[in-house]
Visitor: 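Below you will find the structure I want to go over with you.
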Amino acid sequence: MDEPVEGSRFLRDGIWHDQRFEAQERIMALQFGAMEKRLERIEGLIEGLERRLWMTVYGVVAVILTQAVQGILEYAPKGG
């Protein structure tokens, strides 16, 4: 004699497991998409910061070179 099987037919047949797995995959895809967008935004911010940093470095070098040239011109012999 067969004993009655307890539980939902969906759980026994694995339908629930398949749907849950597909839902989990969709959720993970959405999470990775959101994370990728955030990383792209962060990369853009870092690139902008890097540009500003290099402009600051070039500005400081330009000021130093300008002061050096002015110092050389002050002590250069004046023709006359």
Side-chain angles (χ1 to χ4, degrees):
M1 189 176 345
D2 291 331
E3 292 184 26
V5 179
E6 292 185 26
S8 171
R9 149 177 89 85
F10 296 108
L11 292 176
R12 282 194 316 269
D13 294 342
I15 294 172
W16 174 252
H17 177 72
D18 292 342
Q19 289 177 350
R20 184 175 176 205
F21 184 73
E22 289 173 8
Q24 186 69 26
E25 284 184 331
R26 286 193 301 265
I27 290 170
M28 288 176 63
L30 289 172
Q31 288 173 338
F32 279 118
M35 186 183 306
E36 188 173 333
K37 287 179 183 178
R38 277 183 260 155
L39 287 174
E40 287 174 359
R41 183 172 170 239
I42 290 170
E43 286 176 356
L45 292 171
I46 289 173
E47 287 175 5
L49 185 62
E50 186 178 13
R51 269 195 302 272
R52 282 182 263 167
L53 177 65
W54 280 113
M55 291 303 291
T56 302
V57 169
Y58 291 144
V60 169
V61 169
V63 168
I64 291 171
L65 289 176
T66 302
Q67 289 179 348
V69 169
Q70 285 178 345
I72 290 171
L73 290 177
E74 283 181 17
Y75 291 108
K78 300 191 190 249

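Throughout, residue positions are numbered sequentially from 1 according to the sequence presented.
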Visitor: Starting at CG of L39, measure out to NZ of K37 and round the result to the nearest 0.5 Å.
Guide: 12.5 Å
Visitor: One pair to check against side-chain contact (heavy atoms from CB on, under 4.5 Å): I42 and I46. What are the steps and the verdict?
Guide: CA-CA 6 Å; I42 290 170; I46 289 173; 3.8 Å; yes
Visitor: Report the residue from V60, V61, T66 that forms a side-chain contact (heavy atoms from CB on, under 4.5 Å) with I64.
Guide: V60
Visitor: Where do M35 and Q31 land on the side-chain contact (heavy atoms from CB on, under 4.5 Å) test, with the steps shown first?
Guide: CA-CA 6 Å; M35 186 183 306; Q31 288 173 338; 6.0 Å; no
Visitor: If you measure from CG on L49 to CG on L45, what distance do you get to the nearest 0.5 Å?
Guide: 8.5 Å
